[in-house]
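Below is one structure; the comments refer to it alone.
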Amino acid sequence: MLNKLYYTQQLLKLLPDDHFDHGITDDTAMRSWWQDFRPDSGLRLSLEGDNVMRELKIESWSFELPVPYKGNPRQVLPGPAELLLLNKKLTCPYFLQISKTPTLVLYGSKEATMFALYGDMKKFLKYLKNT
């Protein structure tokens, strides 16, 4: 499994020289591009990390999550247990956009294909749990 430091180093190589301050380091990028910057934690991107991926035109797949139940947007988003499962099981970077229309953005074709086949966050999480 590729780790977060490897992804960070590869993305830094792809960035144009004039894009960021030349002093950006692996550590600085790790801290700003990932939700949890520890090297062995999950591959959930921060907003800045997602912006870097989009700017570099890294292939991604976006999936809208269900409309909030009774107006409470927290009920459609993965809870703490589900977020831990995503962190442990997903082998590609991903971004969870929390907005009026919550969206899961996957930067891996295998995971995106499986999500599309299951077509539902709960079923996808069940699949991840069993793999």
Side-chain angles (χ1 to χ4, degrees):
M1 179 171 102
L2 299 177
N3 68 26
K4 195 180 304 184
L5 180 59
Y6 175 80
Y7 278 115
T8 303
Q9 291 169 339
Q10 296 306 308
L11 291 171
L12 283 170
K13 289 178 186 177
L14 294 173
L15 287 173
D17 291 335
D18 62 347
H19 182 74
F20 281 105
D21 176 16
H22 295 288
I24 192 166
T25 63
D26 292 351
D27 187 57
T28 306
M30 289 275 290
R31 290 179 182 274
S32 60
W33 295 353
W34 304 98
Q35 283 288 334
D36 184 349
F37 60 85
R38 294 175 293 179
D40 295 329
S41 62
L43 296 172
R44 183 176 174 193
L45 293 162
S46 67
L47 179 59
E48 187 173 342
D50 184 58
N51 288 338
V52 168
M53 299 285 269
R54 289 177 190 272
E55 185 163 328
L56 291 173
K57 296 180 175 38
I58 305 294
E59 192 170 24
S60 68
W61 294 266
S62 298
F63 301 95
E64 286 186 13
L65 300 179
V67 176
Y69 177 71
K70 294 185 181 175
N72 182 355
R74 295 296 304 158
Q75 289 188 330
V76 299
L77 299 175
E82 291 85 6
L83 288 174
L84 284 172
L85 182 63
L86 289 172
N87 271 335
K88 287 180 184 178
K89 295 290 190 165
L90 285 181
T91 59
C92 68
Y94 68 99
F95 177 66
L96 185 59
Q97 180 180 356
I98 300 172
S99 63
K100 286 186 178 182
T101 308
T103 305
L104 176 65
V105 181
L106 296 170
Y107 288 94
S109 60
K110 176 186 167 193
E111 286 86 349
T113 300
M114 294 310 294
F115 191 96
L117 287 172
Y118 284 102
D120 175 271
M121 179 63 106
K122 288 181 182 180
K123 291 176 185 176
F124 180 66
L125 290 170
K126 187 175 179 181
Y127 155 74
L128 287 177
K129 191 174 186 176
N130 293 325
T131 59

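You'll find the side chain of Ile58 stays beyond 4.5 Å of the side chain of Arg54, heavy atoms only. Annotation: side chain of Leu65 is not in contact with side chain of Thr103 (no heavy-atom distance under 4.5 Å). At least one side-chain heavy atom of Leu15 sits less than 4.5 Å from a side-chain heavy atom of Val52. Within the 4.5 Å cutoff, no side-chain heavy atoms of Leu43 are placed close to those of Leu86. The side-chain heavy atoms of Glu64 and Pro102, taken from C-beta on, include no pair separated by under 4.5 Å. Using a 4.5 Å heavy-atom cutoff, the side chains of Leu14 and Leu56 are in contact. Within the 4.5 Å cutoff, no side-chain heavy atoms of Thr28 are placed close to those of Asp26. The shortest side-chain heavy-atom distance between Leu45 and Leu96 does not fall under the 4.5 Å cut-off.
Residues Val105 and Ser60 come closest through the heavy atom pair CG1-CB, 3.9 Å. Annotation for Ser46 and Gln35: closest pair CA-NE2, 3.7 Å, computed over non-hydrogen atoms. Scanning both residues, Met30 and Arg38, for their nearest heavy atoms gives CE-C, 4.5 Å.
Paired with Tyr118 under the rule ring pair (Phe, Tyr, Trp, His ring centres under 6.0 Å), one option of Phe63, Phe124, Tyr127 passes, and it is Tyr127. Of the candidates Trp33, Tyr107, Tyr94, Asp50 forms a side chain to side chain donor-acceptor pair (under 3.5 Å) with just one, namely Tyr107.
Between the side chains of Ser109 and Glu59, no donor-acceptor pair of N or O atoms lies under 3.5 Å. Side chains of Thr8 and Trp34: a donor-acceptor N/O pair is present below 3.5 angstrom, by distance only.
Under the 3.5 Å distance criterion, the side-chain polar atoms of Lys89 are matched with a main-chain donor or acceptor of Thr131. Checking side-chain atoms of Lys129 against main-chain N and O of Leu85 turns up no donor-acceptor pair under 3.5 Å.
Once rounded to the nearest 0.5 Å, the distance linking CD of Gln9 with CG of Asn3 reads 8.0 Å. Atoms CD1 and CG, on Ile98 and Leu104 in that order, are 11.0 Å from each other to the nearest 0.5 Å. Distance CG/Leu83 to CZ/Arg44: 5.5 Å, rounded to 0.5 Å. Taking CG from Asn51 and OG from Ser32, the interatomic distance works out to 11.0 Å, rounded to the nearest 0.5 Å.
Taking hydrophobic clusters as Ile, Leu, Val, Met, Phe, Trp and Tyr residues chained together by side-chain heavy-atom distances below 4.5 Å, Leu128 does not share a cluster with Leu84.
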For this session: Please step through side chain to side chain contact (heavy atoms under 4.5 Å, CB included) for the pair Met121 and Phe115, ending with a clear verdict.
Result: CA-CA 7 Å; Met121 179 63 106; Phe115 191 96; 3.9 Å; yes
